[in-house]
Structures are given as structure tokens and as C-alpha cells.
Amino acid sequence: MKKEIIRRLKAPTPPFFKRMQEVGAAIVATAVTLYGIPMKVLGSLPDYLFIAGVLISSISQLTVSETSALKNEEDHGV
């Protein structure tokens, strides 16, 4: 399982998921900015935004195109 995650991290990411990584990073940046506003105004919105941005970015990083995954399996004899 550990090798599978490392393989996915090194494999090329499809263009849609590259864009989703950027969206996730923007959401995290927004959450960090909102932490400067008094919490009574926003409640726990920055917390939820931060978690959502991190999840979107990390899931998008682990996504590989099916063709590249199949090519890597053929190269390694899996």
C-alpha cells in the first residue's frame, strides 16, 4: 500500500485535478486569511474551509490518469 501511494505521488496528474489542486490551495489561503477576523463574526467557517481545501488538494494529488497507471503497471510487470 505504501508503494502504491508513492507511485501515485510520482505519476502525472490529469489536467482537471491539477486545477483542483489550485482551487484547494486557494481555499486554504482564504481560510488562513479569515483566521485574522474575530471568530465571533465568522464562527468556525475558516476551520471548515481549511479542512476542505486540504482534502481537495491531497485527493487531487493522488489521482492519476488511467492510461498512465496502466502504463506503469506494464513497465513494472504487475
Side-chain angles (χ1 to χ4, degrees):
M1 174 133 177
K2 187 176 182 181
K3 288 183 181 183
E4 174 69 18
I5 292 173
I6 292 171
R7 184 182 64 81
R8 284 180 169 269
L9 285 172
K10 291 180 180 180
T13 304
F16 172 76
F17 289 102
K18 285 183 182 181
R19 177 67 64 187
M20 291 304 295
Q21 287 175 340
E22 295 170 2
V23 169
I27 292 172
V28 169
T30 303
V32 169
T33 303
L34 291 177
Y35 277 125
I37 297 174
M39 294 305 276
K40 292 179 182 178
V41 175
L42 297 174
S44 58
L45 179 65
D47 296 331
Y48 293 131
L49 286 176
F50 186 82
I51 292 169
V54 168
L55 287 175
I56 290 171
S57 296
S58 54
I59 289 172
S60 296
Q61 176 64 41
L62 292 175
T63 305
V64 295
S65 65
E66 189 173 309
T67 55
S68 68
L70 292 174
K71 184 178 181 293
N72 285 341
E73 288 177 4
E74 291 172 359
D75 291 343
H76 292 100
V78 176

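Heavy-atom basis, side chains included; hydrogens, waters and symmetry copies ignored.
Partners of Leu62 under the side chain to side chain contact (heavy atoms under 4.5 Å, CB included) rule, at least two apart in sequence or in another chain, are Ile5, Arg8, Leu9.
Going from atom CD1 of Ile51 over to atom CD1 of Ile56 covers 12.0 Å, rounded to the nearest 0.5 Å.
In terms of modelled atom types and a separation under 3.5 Å, the side chain of Ser60 and the main chain of Ser57 share no donor-acceptor contact.
Closest heavy-atom contact between Ile59 and Thr63: O-OG1, 2.9 Å.
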For residues 13-36, run the donor-acceptor check on the side chains, cut-off 3.5 Å, and write out each pair with its distance to 0.1 Å, sequence neighbours left out.
residue: Arg19; atom: NH1; partner: Glu22; partner atom: OE1; Å: 3.1
residue: Gln21; atom: NE2; partner: Gln61; partner atom: OE1; Å: 2.7
residue: Thr30; atom: OG1; partner: Ala26; partner atom: O; Å: 2.9
residue: Thr33; atom: OG1; partner: Ala29; partner atom: O; Å: 2.9
residue: Tyr35; atom: OH; partner: Asp47; partner atom: OD1; Å: 2.7

